[in-house]
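Sequence lines set the chain letters: A, B, ... in the order given, protein chains first and strands last, and positions in each chain run from 1.
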Number of protein chains: 4
Amino acid sequence: MSGTLNKVMLIGHLGDEVKMHYFEGGNCIGRFPIATNESYTNRQTGEKVTTTEWHNIVVRNKAAEICEKYLSKGDKIYVEGRLKTRQWQGEDGQTRYSTEIQVQDFTFLTPKEGGMPNQGGGAQASTTQGQQRNQPERPADTRPVQQEEEDDLPF
Amino acid sequence: MSGTLNKVMLIGHLGDEVKMHYFEGGNCIGRFPIATNESYTNRQTGEKVTTTEWHNIVVRNKAAEICEKYLSKGDKIYVEGRLKTRQWQGEDGQTRYSTEIQVQDFTFLTPKEGGMPNQGGGAQASTTQGQQRNQPERPADTRPVQQEEEDDLPF
Amino acid sequence: MSGTLNKVMLIGHLGDEVKMHYFEGGNCIGRFPIATNESYTNRQTGEKVTTTEWHNIVVRNKAAEICEKYLSKGDKIYVEGRLKTRQWQGEDGQTRYSTEIQVQDFTFLTPKEGGMPNQGGGAQASTTQGQQRNQPERPADTRPVQQEEEDDLPF
Amino acid sequence: MSGTLNKVMLIGHLGDEVKMHYFEGGNCIGRFPIATNESYTNRQTGEKVTTTEWHNIVVRNKAAEICEKYLSKGDKIYVEGRLKTRQWQGEDGQTRYSTEIQVQDFTFLTPKEGGMPNQGGGAQASTTQGQQRNQPERPADTRPVQQEEEDDLPF
DNA sequence: TTTT
DNA sequence: TTTT
């Protein structure tokens with residue numbers, strides 16, 4: 001089975017702060033929206049139209065904590081992950097769907113001055129797998145945190 | 001404005017036939033679902049779990065017609081595009097959301113024997129822009145169809 | 001024929017200015033190097049190692065002119081394109097190879113203050129196809145320039 | 001440091017068998033070439049031109065062994081990785097460059113009948129990190145092998 | 001050197 | 001040759 005690929009890559013700005021949720025057992029996730037923009041010119045009217053697309057980003061565990069610590073509303077970020085559509089029951093008993101990007105890798109693109117993640121440059125922190133040996137205090141200096149995948153979180 | 005990126009790349013199998021919708025003015029879109037799979041081993045139980053993720057694919061105009069002509073349920077395809085979440089009113093007056101992948105490029109990955117798109121190999125057709133000069137009868141032989149973007153389709 | 005994919009996506013910093021080359025017939029290309037970094041911790045020694053990878057970027061025509069106008073050494077950029085390995089004869093008669101990224105799309109990631117491409121934000125300009133209708137004076141406001149593909153440039 | 005991205009994604013056919021190299025200490029790498037194709041129509045002559053691009057793929061350790069076992073010349077594969085340009089001295093004392101794709105993830109796209117990796121479907125095996133807990137005997141059924149990154153291999 |  |  002498989003031979004499939006499910007990949008999303010986004011560069012956008014945070015529309016809100018990272019919201020953390022903690023679970024029993026020590027796991028946690030962070031959620032935040034990011035916006036991407038498209039501009040085009042309407043053929044008929046000739047006017048330029050800009051549209052904004054909002055994406056629901058979900059990060060886990062250490063990566064979530066790094067995002068919460070270093071990301072703020074308005075910051076630019078590169079995010080790579082998987083599309084996942086969750087299903088849930090509305091209060092009215094109807095099924096609702098919500099599509100999220102489950103983050104596997106990310107990189108901060110807003111320079112932070114005088115800060116930890118990297119003073120005065122384009123900060124970075126990432127969940128690239130295979131490098132969980134690095135658990136730096138300075139997340140921006142390396143691709144530190146592995147995005148763990150099998151932690152039985154309820155999503 | 002912008003400096004953003006909104007990109008999705010999928011390899012998966014069609015869960016159904018391509019459904020066409022024609023609009024006044026000559027535009028059309030095709031819709032079909034594709035499935036991607038993930039497998040992992042549950043940490044606690046040790047059992048292997050396979051999950052399927054479904055994606056709503058939307059293709060436009062010539063690309064839609066090529067997909068309708070050459071793709072069937074079960075076929076494997078590579079699809080590249082943009083995430084777009086549409087909003088609509090349910091019959092109950094509530095706002096619903098549906099996230100789609102608006103296709104910009106694609107490649108058939110199921111070999112077709114004795115067929116047009118390419119006899120006995122991995123067929124291909126694609127909406128890569130910048131090559132709209134090619135309008136081949138044999139879509140698999142090239143990246144023929146431009147995915148037009150500004151056609152004021154209602155989505 | 002085909003059913004193949006050849007895609008490169010980079011975020012990095014310019015190691016030098018954009019070098020333009022003009023051809024008879026009006027075509028032109030711009031070349032510049034960009035650097036990406038990887039950090040990892042050496043297993044044996046425990047020391048952190050940072051390596052830099054250099055990439056040869058090639059942009060064409062209008063996109064090249066936008067890059068030349070708005071990009072400077074040190075700027076951060078997102079670049080998407082195709083891998084192409086050129087062959088050439090060294091002075092010693094030996095065949096040499098050089099691998100380049102032929103740009104299809106790009107986005108400026110270094111904020112420019114008070115400038116054209118977009119005052120105080122993450123500038124952007126891009127060669128996305130299908131939008132060659134937009135030929136803005138302010139490239140950062142939209143994805144303006146189509147990366148033309150069939151212009152018989154000598155590479 | 002960083003905030004950079006170095007990503008390559010290819011779908012192509014193996015031009016040769018996987019060549020293994022074993023190192024002291026138990027590490028190994030596999031190398032193989034894959035071909036991607038582009039077709040376009042020459043503007044002046046109107047004739048269709050097909051070009052082939054060759055890519056040097058490098059896989060490590062368990063992933064290399066899976067590739068060697070299940071891939072053959074002509075097979076189609078999806079490969080994701082990083083660009084890396086190696087430098088070496090030619091016999092004439094001149095510096096030569098060779099650009100490789102260091103694989104991080106892959107998926108077999110050639111259906112194998114009656115075989116292990118998955119009977120009669122699109123086989124798959126992959127080095128996705130974060131899932132090294134799975135070490136299946138049937139590589140196609142899951143994303144089994146982690147592409148280890150810090151093993152001090154000489155490349 | 002692949003594939004169609 | 002970039003960046004932190």
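- A straight line from NE2 of H55(C) to P of dT1(F) spans 17 Å, rounded to a whole angstrom.
- Across the protein-nucleic acid pair, L14(D) atom CG and dT4(E) atom P stand 14 Å apart, rounded to whole Å.
- Here dT1(F) presents its P atom at 13 Å from CD of Q87(D), a figure rounded to the nearest Å.
- Nucleotide dT1(E) holds its P atom 19 Å from the CZ atom of F32(D), rounded to whole Å.
- Partners of Q94(D) under the side-chain hydrogen bond (donor to acceptor under 3.5 Å, both in side chains) rule, at least two apart in sequence or in another chain, are R96(C).
- Of all heavy-atom pairs spanning H13(A) and G74(A), the tightest one is CD2-O, 3.1 Å.
- Across the protein-nucleic acid pair, E38(C) atom CD and dT3(F) atom C1' stand 13 Å apart, rounded to whole Å.
- The side chain of P33(C) lies closest to dT1(F), out of dT2(E), dT1(F), dT3(F).
- Remark: T85(D) pairs with T99(D) by the side-chain hydrogen bond (donor to acceptor under 3.5 Å, both in side chains) rule, at least two apart or across chains.
- Straight-line distance from the CD1 atom of I57(D) to the C1' atom of dT1(E): 13 Å, rounded to whole Å.
- Among the protein residues, G12(D) comes within range of no part of the nucleic acid, since none of its heavy atoms lies under 4.0 Å from any strand.
- Aromatic stacking of W54(D) on dT1(E): satisfied, with centres closer than 5.5 Å and planes within an angle under 30 degrees.
- As a whole-Å value, the separation of F108(B) CZ from dT4(E) C1' is 14 Å.
- Ionic pairing of E80(A) and K7(D) is present here: one or more N-O contacts between side-chain nitrogen and carboxylate oxygen are shorter than 4.0 angstrom.
- For the pair R31(C) CZ and dT2(F) P, the computed distance is 20 Å after rounding to whole Å.
- When heavy atoms are screened at a 4.0 angstrom cut-off, T52(C) is found touching base atoms of the nucleic acid.
- In this structure, the nucleotide among dT1(E), dT3(E), dT1(F) sitting nearest to the side chain of D16(D) is dT1(E).
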